[in-house]
Amino acid sequence: LLFFRELKEGTLELTRADAAALSALMAGEEVALRKLFPDRSPSGQAALATAEARLAKILSKSVSNAEERGIETLYLVIGMATWPAEDDGRPQMAPVLLMPLLVNKASRGGQGASIQQKGEAKANLVLLHVLRDDLKIEISEDELVPDSQGPDEGEPLDLDHVLAVLQDKCREVPGFT
């Protein structure tokens, strides 16, 4: 989880998803995929169809990983940390937070597939390890995501806090964004 790369069929990009639907997902609600992609124009319908196909592929792969390898791989990535490699190689591109998801093939009310949180967002421990061991930057998981935050705790995840901590602690790292 240090060299993220978008997969042609195994990644579902939500940066352009409907803001209200994305907020509902972050608040712990079950959200129909069609609410994340509400545009009913022909291009919007094509985007929804692509999203549905990708979500089906992602779900299939995550079930396979859980059954065959015993690992959970269905997460919503929240934020990306990037910085150039010291050896001019491939730059690091690491998820900051990982939120486990549950995919329902058919949501309530016949709305098609839906997604919802399956647990609290957690810091990417690989990122924190590399920051600590390679860059000598100490950030604890609780410092990044306080235990008091998240839908189960009654307080929303404060993404501004997460960003502020990363920016403050990593300000001396050239090219860190």
Side-chain angles (χ1 to χ4, degrees), residues 1-19 21-23 25-27 31 33 36-37 43 46-47 50-51 53-62 64-66 69-101 103 115 117-151 155-177:
L1 293 175
L2 187 59
F3 295 99
F4 176 85
R5 64 184 172 91
E6 187 170 341
L7 303 173
K8 186 175 182 179
E9 294 180 337
T11 305
L12 179 58
E13 180 66 51
L14 295 179
T15 54
R16 292 192 176 98
D18 180 78
L22 202 50
S23 292
L25 177 63
M26 297 294 292
V31 178
L33 198 58
L36 288 163
F37 298 91
S43 64
T50 298
R54 285 184 175 200
L55 187 60
K57 180 83 170 179
I58 292 166
L59 178 60
S60 174
K61 185 67 173 176
S62 73
S64 174
N65 283 332
R69 296 187 175 107
I71 57 173
E72 294 293 325
T73 58
L74 186 56
Y75 291 94
L76 174 65
V77 169
I78 304 170
M80 297 297 282
T82 63
W83 65 99
E86 291 179 5
D87 63 0
D88 294 326
R90 182 175 168 197
Q92 281 82 353
M93 186 174 180
V96 175
L97 302 179
L98 300 166
M99 181 185 298
L101 293 179
V103 173
I115 57 178
Q117 288 186 31
K118 187 178 172 183
E120 299 295 322
K122 301 289 184 189
N124 176 358
L125 297 179
V126 174
L127 171 63
L128 298 183
H129 171 80
V130 168
L131 290 175
R132 183 186 65 240
D133 288 1
D134 294 355
L135 301 175
K136 309 304 182 220
I137 297 171
E138 190 70 40
I139 303 175
S140 72
E141 186 174 7
D142 193 51
E143 184 178 8
L144 201 58
V145 184
D147 285 337
S148 62
Q149 293 182 6
E155 194 173 314
L157 181 62
D158 186 352
L159 298 178
D160 291 332
H161 168 80
V162 173
L163 180 61
V165 168
L166 276 176
Q167 286 178 330
D168 178 56
K169 297 280 188 159
C170 300
R171 67 184 172 277
E172 301 297 323
V173 177
F176 189 93
T177 58

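Being a predicted model, the structure only gives us computed values, none of them experimental.
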For residues 75-86, which residue pairs qualify under side chain to side chain donor-acceptor pair (under 3.5 Å), counting only residues two or more places apart or in two chains?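 Listed once each, the pairs are T82-T177.
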Closest non-hydrogen atom pair, [X] against [Y]:
X: A81; Y: V96; value: N-CG2, 3.8 Å
X: V162; Y: L97; value: CG2-CD1, 4.0 Å
X: E143; Y: H161; value: O-NE2, 2.9 Å
X: P91; Y: P84; value: CB-CA, 4.1 Å
X: L127; Y: P95; value: CD2-O, 3.7 Å

N/O donor-acceptor pair under 3.5 Å between R54 side chain and T11 backbone: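 Yes, R54 side chain to T11 backbone: donor-acceptor pair under 3.5 Å.
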[X] versus [Y]: any side-chain heavy-atom pair under 4.5 Å?
X: F176; Y: L131; result: yes
X: L12; Y: L33; result: yes
X: I58; Y: V103; result: no
X: H129; Y: L125; result: no
X: V31; Y: L22; result: no

Checking side-chain contact (heavy atoms from CB on, under 4.5 Å) against L76, which of Q117, K118, M99 comes through?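 Single pass found, and it is M99.
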